[in-house]
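Notes for the one structure printed next.
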Amino acid sequence: MVELETAVVGQPRRLPWLAATVAAKIPETPEATTVLFDVPGWPGHRPGQHVDVRLTAEDGYQAQRSYSIASPPEASQLALTVQRLGDGEVSPYLTDEVRPGDLIELRGPIGGYFTWTVADGGPLLLVAGGSGVAPLMAMVRHRAAAGGGPPATLLYSSRSWDEIIFRDELAGLVVADDGLAVVHTLTRSQPPGWTGYGRRVDAAMLGEVFGPPTAGAVAYACGPTPLVERAATDLLALGYAPDRIRTERFGPSGG
Amino acid sequence: MERSGNETDRRLDGNAAGGLLAEAFCVEMTTAVVVCAGCGAEAVVAELLRYGHEMGAILRCAGCDTAVVRIARTGDRLWLDLRGAVNLRVSAAP
Amino acid sequence: MGGFVSRGFRSRRRPDAETAERLPPGQYLTRDFPVLSAGPTPRTSLSTWDFSVVGALPEPRRWTWDEFQALPTETVTKDIHCVTKWSKFDTVWEGVSLDTLLAGVETDATHLVAFCDGGYTTNLPLAEVTGGRAWVAFTFDGAPLAPEHGGPARLLVPHLYFWKSAKWVRGLELVERDRPGFWETLGYHNHADPWREQRYQGD
Ligand SMILES: Cc1cc2nc3c(=O)[nH]c(=O)nc-3n(C[C@H](O)[C@H](O)[C@H](O)COP(=O)(O)OP(=O)(O)OC[C@H]3O[C@@H](n4cnc5c(N)ncnc54)[C@H](O)[C@@H]3O)c2cc1C
Ligand SMILES: [Zn+2]
């Protein structure tokens, strides 16, 4: 694993803007794309952390947004998985406009609280909505790279079967690993013969998927703000301790 | 006056202000612990609720809505207001 | 602010010549109505809502919602400009002019501080809010003002950056010495004239 940059005495640790080169783009779903970056000077990160991305137009106009890191610390390239919002300013640029070789400014890693490594123990309970799966995928991938670790369960809410980000990779990881479970819920449309959940995440679903709190259990919820707040409230009601529930709100929900 | 449970509230976690906080502080601030001046509750900065996105980060107590940390960047200056915090502690471990 | 140009990234909606003339420097035109809030959206029931003028005046003034509605109202069409760089043209509001609310007040005050549900404040020179330049608005586009846009009532001071148009406003405190408000104490310009691009202190 890469060492985090440490502060030199008397010299403040800075969070500089870095020039990241787009190395590749991976279409994940019709609306989500993973952008892989080479980032010279990247100090390493922990699963769950994010970066700030800054874009500058010819006339000096700037826009800045946060994106979670989807790649594990073990990967050589930094992955951001971006959901395209039709009327958005930054996300369509990242999903549609950028191409390999482009330079993008980013800074990070950011956030020391919404993080998890195998050393933190478990069971690990993950609740994702849409692109909120990104930082949780970094945890799942890190756990796999570390050769296992505590049992992990991901409850993942998507609008439809085709909009499940990392669907095949998750299925592959589950087959290879008894300690990992992935449960999908499809909120808008379900394929013929679907027997899984077909509604928004609620208390009953969280109770069925995760069961009552067990010693060491730690929960991470990430995605649209309404989903994250619903999940956090319901987990509290199920008896999970407040300091064992960590949240990452992405903002308003498109649906 | 009751708190709105409306989805139009576009709050984020204090964690999302980590980049801005790192411009002002040399230590990791999202894991700092603050005591709210409004209600005395203790919270990790990452768990405060972030409002005000485009103009700055207004980090509010989840219990009583007090603006515990306010931080904004105006051009080349950073502004920080901690009146809503009784104190703030960070790890000084080497 | 530094930073290199990101290939193919364009400023939002470049204005045509006619639009450009109506846009203060650095602004772009939007057709949406973006929401910017410094806190959660308060819900105040109209039965407990009131509006007051307090501070440096002989008798404080106070109106209940019904009394406020009975005051003479004006319908105005204005361009609005947010410091986060969006502008919106021809927004239609109905409200009570501050001229009406402050009519006949004898005061030594030079400024006012608008106060709001949720604790937000903003300061304005009295001279800037009289003479048909500021309102307490309770409808937008012909409909009751939505909570996320400041309903039941917000201040409307369209000739200044929009943070001066305080949402969820509940009253005005007349003060003899200027007292910077919520954003004005966090680096934003005390006066906030978009045509002079007074975004930040020192601009
Ligand atoms: C810590 C953090 C990590 C994040 N990580 C990711 C990530 O890994 N992948 C990812 O795709 N996004 C992520 N986001 C969200 C991201 O920062 C942007 O908000 C999102 O990409 C929209 O930006 P935009 O410029 O395209 O849209 P904007 O131009 O900002 O908004 C366009 C329209 O979409 C609405 N909108 C804004 N944000 C959202 C949202 N999150 N969902 C639905 N509608 C919205 C707006 O209200 C507006 O109407 C993260 C956010 C945070 C705070
Ligand atoms: Zn509090």
Could you check whether any side-chain heavy atom of [X] comes within less than 4.5 Å of a side-chain heavy atom of [Y], counting everything from C-beta outward?
X         : Y         : value
Trp86(C)  : Glu54(B)  : no
Leu102(C) : Leu126(C) : yes
Glu197(C) : Tyr161(C) : yes

message = Report which part of Trp49(C) has an atom under 4.5 Å of a heavy atom belonging to chain B: side chain, backbone, both, or neither.
response =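 Neither part.
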key: Pairwise distance CG(Leu12(B)) to CZ(Arg10(B)) - rounded to 0.5 angstrom   =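 That separation rounds to 10.0 Å.
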key: Winner by heavy-atom pair count (cut-off under 4.5 Å) against chain B, out of Leu186(C), Asp203(C), Thr84(C)   =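 If we count pairs closer than 4.5 Å to chain B, Leu186(C) comes out on top.
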inquiry  = If I measure from the heavy atoms of chain C, does Leu78(B) come under 4.5 Å with its side chain, its backbone, both, or neither?
reply    =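 Answer is neither: Leu78(B) stays 4.5 Å or more from chain C.
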message = Given heavy-atom pairs under 4.5 angstrom as the criterion, report whether the side chain, backbone, both or neither of Arg60(B) touches chain C.
response =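 For Arg60(B), the side chain is the part near chain C, not the backbone.
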